[in-house]
Student: 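Below: one structure in structure tokens.
As the structure lists them, so they are numbered: ligands from 1, and atoms in each ligand from 1. Keep in mind that the numbers below use all heavy atoms, side chains included, and drop hydrogens, waters and symmetry copies.
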Amino acid sequence: MYQNTRPIGVIDSGVGGLTVVRQIQRLLPGEDIIFYGDSANVPYGNRSADEIFALTMRMLRYLEAREVKCVAIACNTISSLAERLRPECPFPLISIVESGADYVAREKLPLVGVFATEFTVSTGVYETRIHAGNPECEVVSRGSPDLAALIDKGDFNQSAINDEITEQLDVILSRAPVKDLVLACTHFPIVEENFRRCFPELHLIDPAEQQAIAVKNMLVYRTLTNPQNRGKLHIETSGEPEVYSAIAKMLHLYGPEDCKVISLA
Ligand code: DGL
């Protein structure tokens, strides 16, 4: 049995997972959080399943040594492999895909766009999970090969970001009159304003809030919530900590206590 004072681990291939940290801090302010972003290896979304699995296992082993009580997979690409990862971990893994897809199914949306990485789209994981809850929902998916990596650089004024959003969403809209769009890559909500400016008519769904609710439900069910008032946030990365600090500030995260480079063996 884990102690409730243990930290929550949060992982992503890069900075995107900080959008999930934002929601966990809102919903579970007493929790200590260790966030790890593997920016040295971003993007994961253009890699093979075996590569993503191996890179993710390094993060999970590291967090196991840090004695986390659970891990929120704040990456849709990694969450596509959740079933393969779970047997390898002694702690619960909470998948952002499951949270996002279950929400879409519950809302009984007749049609939804899913904008993700190419890997996430190739697995069909959103379609499968949405259809398990609502077989009637039409799902139109599209992957971007570049957007996550562009965002991970931390420069949001690049016209390349708007160009990529426009090019890929035009493809989705040419296939069906989508009104609801899942931002199915945790990097994308960081540039939510760019999405709104390019496509003001779309209703954007960020699964991060649903994932934070799933984390909370699991902790409450197992009586593992931390009763302290304010938890500490530690940000660690294989990339550039300056980008993480800037995005943590932009997302109004509480803390962080520190933001540092940790290389994983
Ligand atoms: N943030 C990750 C996701 O939600 C993807 C970024 C990447 O391709 O590494 O899918």
Student: Which atoms of ligand 1 sit under 4.0 Å from any heavy atom of A148?
Tutor: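 It comes down to these atoms of ligand 1: 6 (C), 7 (C), 8 (O).
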
Student: Output yes when a side-chain donor or acceptor of K69 lies under 3.5 Å from a complementary backbone atom of N4, and no otherwise.
Tutor: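 Yes: the side chain of K69 pairs with the backbone of N4.
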
Student: Tell me which part of C75 gets within contact of ligand 1: side chain, backbone, both or neither, using heavy atoms under 4.0 Å.
Tutor: both

Student: Would the distance check show the side chain of Q211 and the main-chain N or O of I94 forming a donor-acceptor pair, the cut-off being under 3.5 Å?
Tutor: yes

Student: Check N76 against ligand 1 and report side chain, backbone, both or neither, counting heavy atoms closer than 4.0 Å.
Tutor: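 For N76, backbone and side-chain atoms both sit under 4.0 Å from ligand 1.
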
Student: May I ask you to identify, for D12, whether its side chain, its backbone, both or neither come under 4.0 Å of ligand 1 on a heavy-atom basis?
Tutor: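 The part of D12 near ligand 1 is the side chain, not the backbone.
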
Student: May I ask you to identify, for P43, whether its side chain, its backbone, both or neither come under 4.0 Å of ligand 1 on a heavy-atom basis?
Tutor: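 Contact part for P43 vs ligand 1: both backbone and side chain.
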
Student: Who's the nearest protein heavy-atom neighbour of atom 8 (O) of ligand 1, and how far?
Tutor: G45 N, 2.8 Å

Student: Atoms of ligand 1 less than 4.0 Å from Y44 heavy atoms?
Tutor: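 Result: 7 (C), 8 (O), 9 (O).
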
Student: Considering non-hydrogen atoms of the protein only, which is the closest contact for atom 10 (O) of ligand 1, and what is the distance?
Tutor: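 So the nearest neighbour among protein heavy atoms is T77 OG1, 2.6 Å.
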
Student: Any idea which atoms of ligand 1 are less than 4.0 Å away from a heavy-atom of V42?
Tutor: 9 (O)

Student: Less than 4.0 Å between a side-chain N and a carboxylate O, is that true for E236 and R66?
Tutor: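 Here R66 pairs with E236 in a salt bridge, since their nearest N and O are under 4.0 Å apart.
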
Student: Give the numbers and elements of all ligand 1 atoms closer than 4.0 Å to a heavy atom of T117.
Tutor: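 Numbered from 1, ligand 1 contributes 5 (C), 8 (O), 10 (O).
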
Student: Which residue and atom name correspond to the protein heavy atom nearest atom 6 (C) of ligand 1, and how close is it?
Tutor: S13 OG, 3.3 Å

Student: Pairing donors with acceptors under 3.5 angstrom, does anything connect the side chains of T117 and T77?
Tutor: yes

Student: Would you check the N or O atoms of N46, main chain and side chain alike, for any that come under 3.5 Å of an N or O of ligand 1?
Tutor: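 No; every N/O pair is 3.5 Å or more apart.
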
Student: Classify the ring geometry of F195 against F115: parallel below 30°, tilted from 30° to 60°, perpendicular beyond 60°.
Tutor: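 Perpendicular: the ring planes of F195 and F115 meet at over 60°.
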
Student: Please check if the side chain of D12 supplies one atom and the backbone of Y36 the other of a donor-acceptor pair under 3.5 Å.
Tutor: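 Looks like no, no N/O pair under 3.5 Å.
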
Student: Take a 6.0 Å sphere around CD of E240 and say whether it holds more than 12 heavy atoms from other residues, nucleotides or ligands.
Tutor: no

Student: For A149, is there any backbone N or O sitting under 3.5 Å from a side-chain donor or acceptor partner on H187?
Tutor: no

